[in-house]
Amino acid sequence: MKKRFISAIILSVSAVMFLSSCGTKVASNQNVKASKVSSIGDQYIKATDPSKSPDKAKQRTDTFVAAISEPGGVFLPYFYDNGWDGNATDPIFASLVGQDPKGNPIPDLAKSWNISSDNLTYTYHLREGLKFSDGSPLTADDVAFTLTILDDPAYSGYIDISTSFIKGSEAYKDGKSDSIEGIKVVDPLTIKITTEKVNPLNLTILGGQVLSKTYYGKDYKRGSLDYLKALYAAPLGAGPYKIDKYIPGQEVRYTANDNYYAGKPKIENLIYKVTSKDTNLQLFQTGETDEDGFTTDKDTVDELESFGFANVRISTVSDYGYIYFNNKKSYLKDKSVRQALTYGLDRQKIIDVKYKGYGQVANIPTSPLVWSYNEDGINKYKFDQSKAKKLLDAAGWKVGSDGIREKNGQKLRLSYLTTKSTDEIIPIAKEDYKAIGVDFEPEIMDFNTLVGKLNKGDYDLASVRTSGLVDPNDSVEEFSSKKTSENVSGYSDPVADKLISEGVSTVDIKKRKVIYQKLYKELTDNPPVILIDYRKSVKAWNSRIKGLDNNNFSGVSSTNLSKLKIEN
């Protein structure tokens, strides 16, 4: 699965997916110093006086305004790179199989499914009377078309359907067959998919969001998918909402889908409003927005609590922040250099400054909420500039007269891409790297430009976050050298390749845990990225919006939108 990038800015909480359950309230030390920050527990703070809801919000009796950051306008599942586009797309499209807040599969468009005893054949049974938002029927033919698009030789999006090993998919890609043997439409409500190898993720990969064959397939020809670009901003799906208007840089507007299988949503209008950490607190306080994510510090939590009308949830987020190495650059191919850059950066100080007790240093490439999480035996790369210097010396990078290391006439100057002018990493990294002889040069740009540079390999270092993680494969698949279009870091390690492949070759959780523990050790010794942080999110929503209270998702989603209602 191709990485869906999330910017390393302070996130709107509707951009990430899964949270842990709430816990008890823990006090924090506001006078933050490195390594002396108390860890804040998960907590849920209920509104104390809903009557204080601002008039502007009360006037919206049929509209819910949620926050989002930097969508790029590619509102078509399987084709976007920008994770914010995924959030903007989610209300429009429904999947065969959904996921509950813990990542467990639940029925969505498919009312049920059967998996053969050898875990190779998947049969999905669709609900009766399914329709797309334009009233056209949704049948097994649309599911077959969707999977065919993903198997098209021209497809290069974030889903790598080859890992599902659908029987006959390679023959279709190679032009040796006009259809995919393993995809059989049994009847309008039943589709059977036969695979050739086991993949524990196949239920949800094959049961993903469904595209209309009539709408998206009318101009389809194998090997040519460019025609779909004209439809990016005019999506048609079977989710609870349909798009009304997209205003770049401002908002995405939706109206309720009368044809949604679970019933028309109770709230007529949905707006995703673009906010930033500079304005979001004020917008929420004045009623311009109903839901947003906020800076993770106690002062902000206290202020949100003081509003009276806000429900506030502080929860561990199932993602992690990191800095890409461009492993294709000659000076970053040497793992000793990458190790030195990890040792030489005071990540704990970054966490303390950035999160003030609401985060912790990340040491393995998965979330603490994912079942494979285990740091036993892992090198945690404690801040050690002496060790960093020794590694760089041994790698042949000697300190020059200007204090910058050089090798074979080349200075060790590293560009760093970020979207934040106030990125907490910048001042700390500049100081830390200068101390070990590395020239750290930040470049600030908008998020979509950053994604473009990543995909072109036009960078040395780049700061991003993962999207929401459910399975351990979600965050490591891109490090396989076999995933040439997904592996934007250019990382290559035969041992890691083997373990990544083995991780999805069995459905046995115990076996998978052993495999991922070996993989995490390999990725620690030969790091593809600098792991930075795990974090907690601070989410708040106007208590007039009912239905978010007991939902452990970080934001609104297609699985809960139709259930929300407004009570002023």
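The figures that follow rest on heavy atoms only: side chains count, while hydrogens, waters and symmetry mates do not. Everything numeric here is computed off the predicted structure, so don't read it as measured data.
Cation-pi geometry between K453 and Y459 is not met: the NZ or CZ atom fails to fall both under 6.0 Å from the ring centre and inside 45° of the normal. Seen from the ring of Y172, R222 counts as a face-on cation partner, given the 6.0 Å and 45° thresholds.
Taking the six-membered ring where tryptophan is involved, the planes of Y534 and Y373 are perpendicular, since the angle between them exceeds 60° and thus also 30°. Aromatic ring orientation, Y516 versus W371: perpendicular (interplanar angle above 60°, classes split at 30° and 60°). Using a 30° and 60° split on the angle between ring planes, Y232 and F79 fall in the tilted class, from 30° to 60°. Ring planes of F440 and Y433: tilted class, angle from 30 to 60°.
One finds a salt bridge joining D533 and R465 here, because a Lys/Arg side-chain nitrogen approaches an Asp/Glu carboxylate oxygen to under 4.0 Å. A salt bridge links K411 to E406: one of the charged nitrogens lies within less than 4.0 Å of a carboxylate oxygen. Residues K354 and D423 are not paired through a salt bridge, judged by the lack of any N-O separation under 4.0 Å between the basic side chain and the carboxylate.
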Next item on the list: Take Y343 and Y381, measure what ring pair (Phe, Tyr, Trp, His ring centres under 6.0 Å) needs, and give me the verdict at the end.
Entry: CA-CA 5 Å; Y343 276 120; Y381 284 94; 4.6 Å; yes
Item checked: side chain to side chain donor-acceptor pair (under 3.5 Å) evaluation trace for T449 with D446 -> CA-CA 6 Å; T449 299; D446 68 84; 2.7 Å; yes
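Taking the six-membered ring for Trp and the full ring otherwise, the centers of Y155 and Y78 sit at least 6.0 Å from each other.
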